[in-house]
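Working notes, structure below.
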Protein chains: 2
Amino acid sequence: MIDNANKKILNILQKNARTTNADIARQIGKAPSAILERIRKLEANGVIQGYEARVAPLAAGLGLTSFTLVSVEEEVGSTSTGELLASIPGVLEVHYCAGQDSYLVKIRVQDTERLAEMLAKIGRIPTVKNTKSTIVLRTVKESSNLPIDEE
Amino acid sequence: MIDNANKKILNILQKNARTTNADIARQIGKAPSAILERIRKLEANGVIQGYEARVAPLAAGLGLTSFTLVSVEEEVGSTSTGELLASIPGVLEVHYCAGQDSYLVKIRVQDTERLAEMLAKIGRIPTVKNTKSTIVLRTVKESSNLPIDEE
DNA sequence: ACTGAAACGCATTCAGC
DNA sequence: GCTGAATGCGTTTCAGT
């Protein structure tokens, strides 16, 4: 179960995944060994899915973000087109959306030329009918941190 | 500059932000102190923006994901509505989009009831004209990890 | 589930190159 | 920008409760 101590741990790790167990222990008033045990269980239970460094996209040469709606014709419940999309480098997120037979795909590429190549690649997938892209001009906020209310 | 060693470091930390410096040092064949120095510079230069634990949304009671297009009427170049949206709990991402006078907002909430509350809240912002939401049925992939090619 | 002690490994500093 | 040694701290295990 996720008691209040675990909520505190999750919030600390969401803010800075490299916080040491000793540091967390100090913040929530327990021994480091207790924190280690809790974090291991949270990982084993799938509550903590991983720890990601957030890299500046521009520094990685990826200056263009696009959200692309990919319309598909596939069997209901099938996940294969989505997984194919997910495997393309530069495709960061793939979400299947209600009421549109389509995937919403978050893409990061170098420039419009690379986006064109990617859209061509996606368009070549047999189950894909068409795509509709929206270019991001400015990203105001971007985080995976969930609001977890402590008691 | 981001040389090949830094690319390796970034890729390791993108996959697991809690990898120890000693471990990274072994993987890329340098001393731990060299890794520490490199990581500090990458942080100082803004290349590494942070380290986030990824928490299972369902475990946090957030079973519903929505992408909502928020149309606004504000001065061109203004960022204030976007920042207002970004400050709402459950709003994870805010992107200003080309050619539509609107923000694409990624939302995570408990259920449709909470989504309705959130959309009402957003609708009450004076600069907001209307919203158009797409519910996510299934998330196939969700990551912030950028493709960084090593030489 | 937690503590506390012990052993081990890691982080960090710094001198030298 | 890196190494290597030294110190202090963190991690991890485990016995005990």
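Proteins get letters first, then strands, A, B, ... in listed order; numbering begins at 1 in each. None of these values were measured; they are calculated from a predicted model. Below, all heavy atoms of this structure are taken into account, side chains as well, without hydrogens, waters or symmetry copies.
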Query - Identified side chain to side chain donor-acceptor pair (under 3.5 Å) counterpart of B:Thr65 within the set B:Glu142, B:Arg108, B:Lys106 - result: B:Arg108
Requested in this report: Have a look at B:Thr81 and tell me which of B:Glu75, B:Glu73, B:Glu74 forms a side chain to side chain donor-acceptor pair (under 3.5 Å) with it.
Outcome: B:Glu74
Query raised in the report: Checking B:Asn11 side chain against B:Ile148 main chain: does a donor-acceptor pair fall under 3.5 Å?
Result: yes
Report task. Nearest whole angstrom, please: distance from the C1' of C:dC2 to the CD1 of A:Ile28. Result -> 11 Å
Query - Contact summary for B:Ala86 and A:Lys141, nearest pair of heavy atoms - result: O-NZ, 3.2 Å
Report task. Quick one, give me the B/S/- string for nucleotides 10-17 of chain D, reading 5' to 3', where B means a protein heavy atom under 4.0 Å from the base and S means that only happens at the primed atoms, P, OP1 or OP2. Result -> SSBB----
Query raised in the report: Using 4.0 Å as the upper bound for N to carboxylate O, is an ion pair formed by A:Arg18 and B:Glu43?
Result: no
Query raised in the report: For residues 44-54 of chain A, which residues have at least one heavy atom under 4.0 Å from DNA chain D?
Result: none
Report summary line: Closest non-hydrogen contact found for B:Arg138 with A:Gly77 is NH2-O, 4.4 Å
Report task. Nearest whole angstrom, please: distance from the P of D:dC2 to the CD1 of B:Ile35. Result -> 8 Å
Query - Rounded distance (Å) that lies between atom P of C:dA1 and atom CD of A:Glu37 - result: 8 Å
Report task. Measure the spacing between CG of B:Leu36 and NZ of B:Lys30 and express it to the nearest 0.5 Å. Result -> 14.5 Å
Query - Side chain to side chain, A:Ile12 and A:Ile9, heavy atoms closer than 4.5 Å - result: no
Query - Euclidean distance, atom CZ of residue B:Arg38 to atom P of C:dT12 [Å, nearest integer] - result: 17 Å
Report task. Take the protein atom NZ of B:Lys30 and the nucleotide atom P of C:dC17, then report the distance between them rounded to whole Å. Result -> 20 Å
